[in-house]
Structures are given as C-alpha cells and as structure tokens.
Amino acid sequence: MSEPLLKVENLKTYFSMSHGVVRAVDGVSFEISRGKTLAIVGESGSGKSMTALSVLQLVPEPAGYIESGRIVYEGKDLLDLTWEQMRDLRGKEISMIFQEPMTSLNPVFTIGTQMIEAMTLHGTSRKEAKTRALELLRRVELKDPVQAMRQYPHELSGGMRQRVMIAMALSNEPKLLIADEPTTALDVTVQKQILELLVKLQQETGMAMLLITHDLGIVAQVAQDVVVMYAGKVVESATVQDLYTRPQHPYTKALFASLPSRQRRGQPLTTLEDAFAPISGDEPSQ
Amino acid sequence: MNEPPVLKVTGLKKSFPKRKKLFQPKAWHWAVDGVSFEVARGQTLALVGESGSGKTTVGLMLLGLLAPTGGEIEFEGKPLSHFTRAERFALRRRMQVVFQDPYASLNARMNIREAILEGMIVHGIGEGREEREDRARELLRQVSLPPEYLDRYPHEFSGGQRQRIAIARALSVEPTCIVLDEPTSALDVSVQSQVLNLLKQLQQDRGLTYLFITHNLEVVGYFADEVAVMEQGKIIEHGSVDAIFDTPQMPYTQKLLGAIPKVEVAF
C-alpha cells in the first residue's frame, strides 16, 4: 500500500482558559487513504470538531493552540508550513463543509458572486470561474443552476444551501474533503440525498473524506473506517464492519446500546451510567 | 363506561398570511389544514413530519399558545371553545409542554427552585413554601437529580440535565397530558436514552398522556403507541407503530422510513 493521504500522529490541541488548560484533543492519531472515507464519531465535547479544525489549522486563537503532534499530508507536515502556504492549501488541496450552510455563506452576496470569488482567489479568471461555477452547481444536482447563481442564500432551502457549499468546496478539486456534521441540520429525506451525493462525487473525483458526525447510522452508509472519540481521546479505531459487528470499547458498546429503535420497545435503553457503573460482586445471574 | 379521550382534535386548521410583495392582495398559507386525531389516557401519539409539515403548530394550538383558524380541540370530552375563563386557566395546569431546546426554555435569571415553584404558586399547589419546596426536591429526585441543585442556575447544567429540570417543572403542576416537542433532538444519544427512559417511567407511574412531536422515526418506533404522519399541514397516514412501520401505505411515509440511517453495515 502506498502512503496514506493524511496521517495525523499524536495530535494535541489545547485551550488555555481562566481555570486552566482544557485538553480538547489529547493525543489523537489516524490515517486516511486516498479516495477513502474516515468517520470520526463522538458526542458533544468529544473533540471531534476540534480535530478537524486542527487539520486545517483553524483552531480558534488565541485560546486554542496545537500543543504537539504531526499532521502529515502527502508526506509533508502541515505544522511546518507558513501561514501563507497553509492558506493556499485550504480550499485547494483540503476543503471543508460545515453543519449549518447558512452561517458559512455570506447573506449579502449572491451564490454566483461567492462561488466565483472562491475560484478567482486561487488564480482562475472570472470568465472561466463563471462557467465552472455553473458546471459545479449542475454536478451537485441543483435543479436550476442558472437561477441559483443569481439567488441569495436565504432564497434557498437548507438542502440546496448545503449543495451550494459542496459545490464551492469542490471548486478547486480538493484531494481531501472535511465534512463536519454536513447533514445534521437537514430533514432525513434531504440528509439521504446529500449523503448519496457526497458518495457519488467521491467516486467521480477520487477525493478522500473526513466525516465528523455524532450519528452512527450515517457512518455505516458512507465511511470505510471509523474512529470513536471520547473526552479528547480515541477510544476505538476500526473498520466500519468490525466496529458494528464487534465493538470493543465499553463506550462504543454503550453508544450502540443507547440507540432507540423499534426492536428495543418495552425495555429501558442503556445509558452511559449503566455501562460505566462499577460491577458489584454479587450481581444476580440471569 | 367508555372514558372520553384525553385529547380529541377535529378538523384543526391554522393559516398564516403570506404576502409576496407590498400592496399585493393577501394570500394564506395553511400551516395546519384539517387535522383530526385522538389520544387516549396513558397513550403516546407521535406526530411525525419534516420541517414545515405543521407538527409544531398543532402542538402550539393544543397548548393555547396559538389560536386555531378553524376546527375544534376537546380536552377530556369538553370542547375548548366552551371553556370558561377559569377552566381555561386550569387547563394550563393539566396540559404541560417540554420544548426542544433546554437552553432556551429555562429562564437564565431564575434558579431551579424559583423555576419549579413558580407553576405551583400560580396554580395554588401545596400548602405554603415548606411543602412546595419538599415537592420540588421530590421532583428533582424523580428526574434523577440531587435535591441540592435547587439553589443552582440553568447555566450550571448540561443539556440533558436542563431537559430533566424542564420535565420536573412540567410535572410540578401535576398535568394529565404533556406535549413533548422534539424533547431529545438537541441531546447526545447517550443523554437521549436517559431522557426517554425517564419519560417512559413517568408515563407508567402517573398514567401520563403524551403527544410526542418529532422527526426522529427511530425514537417513534421505540417510544410511541400510535403514529400520525404529517405532510404540508395534513395527516396523510395514521396508525399503530407496527402498522406504520411494517405496512406503510403512503409513498411519503415509505420515503421517510427509507431515509432512516440504518445502524447496520451494508455489505
């Protein structure tokens, strides 16, 4: 096997707060191969989003900082790059999409203006950028790309806005797309369409994907490998198949057991407290 | 003797004006367009639909927070339109609500004691402060929170804890029916399981009737007795959980069920 596209080694991202240092990401390691999807799963505060932001060095400063570790992309450590080199890499080599597309789009510019700006910043001519923007909007299966170019973000639905964000993220043909809860704000039927679109685009372009999510159901549909995070640490790292059939860590098992479903009707759901409760000596056997 | 359903809704409608341009004649958007259902005591009806389907608007009308444009709501066999002022006041005690966002639904400037006692004072529950405080402590215990928390403020709590406080607050006035509007959507799955377990337990202990408004079909399959699927202000399909999940009739219901991300490997 060739070297992985992205290799994160022992990453530590800390925040200095008034009451001390918070270890948001505390020694995280993972690899993503070209064209593959790795999902980082965890609950709020597990450090999954901070891990993603650390890869792009977008950790909110000055409170947050990368304490140590290596982020090796195509053989070079991104932490050694200058600010300008890193800026050129963002959006070109590695793109990112976020949960709420409304907050990522500028409300006072049309979709067209924003898409063209993103491309001209990376050295495309305006005319070329416009043609390309239309083509991209077509590829993300927006119904009327010509009209969408003239529209403002508020005129589009949540699903359409996320399609625009995906189009923008793909505009410079990145090798890695980081998607942070890309469908959390969407209805389930729209979520399904967006996930299918991402998988289709991935097959067409051969890009790798780092998917950040709290939803174990989404992971099974999209990813090949999974990293489960809890309190800034990786508690389990496995292929999707292994994780779903043979979860090893008590936290992972508890996560699965806490999911409500029709099959579990009439029985109480497992909570984390149950899972981590100390086992008493005289547990009745059933 | 057949007991009348706790909730009976007939042909409920709500329209909002929509105006595209200034000076253009008003047009109406029917957010809820002729909705009918019944919920028997101790049962859970799930109102399911995507954003904009009108499910929350139905909940707000039941709570008297929005005036219906048409239709009738009956509570324990009596139409709301025939309620006297005093009965309407008492109804607010019998019917409570837990909202989606526990960060928005608790007053940040009230400590937990004030938040829980407020409803009891308004509705004259409990004799004097001592007894009300005892009740408040007991309620916290029932939602698995230590009684010392009475002196704390909402910002000191996590989302799951806040949601449990909101449930304790709703229970403080001894309701018969609770409208649960996406009560676990803002919570992590491990916390969601705690809150769902709690709601189930309370329903068994107190015979509570729930109207569970949600978009999450996994939760519905686990929690509800009956399901009403809403689309564009109408109930398009209504049945038991088994009927809806096993033999959905409408294409929209089938589409919703098909879109649930399955926690199983697709190999």
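Every chain is numbered from 1, with letters handed out A, B, ... down the list of sequences. Side-chain atoms are counted along with the backbone in the values below, which use heavy atoms only and exclude waters and symmetry mates.
Summarising the local packing, CZ of A/Arg23 is surrounded by 12 or fewer heavy atoms from other residues, nucleotides or ligands at distances under 6.0 Å. Surrounding NZ of B/Lys200 are more than 12 heavy atoms belonging to other residues, nucleotides or ligands, all under 6.0 Å away. The local environment of OH in B/Tyr103 is crowded, with over 12 non-hydrogen atoms from other residues, nucleotides or ligands closer than 6.0 Å. B/Gln142 CD: more than 12 foreign heavy atoms inside a 6.0 Å radius.
Remark: side-chain polar atoms of B/Ser193 are paired, donor with acceptor, to backbone N or O of A/Thr270 under 3.5 angstrom. Under the 3.5 Å distance criterion, the side-chain polar atoms of B/Asp188 are matched with a main-chain donor or acceptor of A/Ser44.
For B/Lys255, the parts lying near chain A are the backbone and the side chain together; criterion is any non-hydrogen pair under 4.5 Å. Using a 4.5 Å cut-off between heavy atoms, A/Gln267 touches chain B through its backbone atoms (N, CA, C, O) alone. Of the two parts of B/Gln192, only the side chain, counted from C-beta on, holds a non-hydrogen atom closer than 4.5 Å to a non-hydrogen atom of chain A.
Heavy-atom minimum distance, B/Asp242 versus A/Arg262: OD1-NH2, 3.0 Å. Between A/Arg265 and B/Asp225 the shortest heavy-atom distance is NH2-OD1, 4.0 Å. Shortest non-hydrogen contact noted between A/Thr271 and B/Gln194 is CG2-CG, 3.4 Å. Of all non-hydrogen atoms in A/Gly217 and B/Pro261, the two that sit nearest each other are C-CB, 3.5 Å. Of all heavy-atom pairs spanning B/Ala259 and A/Lys192, the tightest one is CA-CD, 3.6 Å. Between B/Tyr222 and A/Pro260, the closest heavy-atom pair is CB-CB, 3.7 Å.
Side chains of A/Val188 and B/Ile260 form no contact here, defined as non-hydrogen atoms less than 4.5 Å apart.
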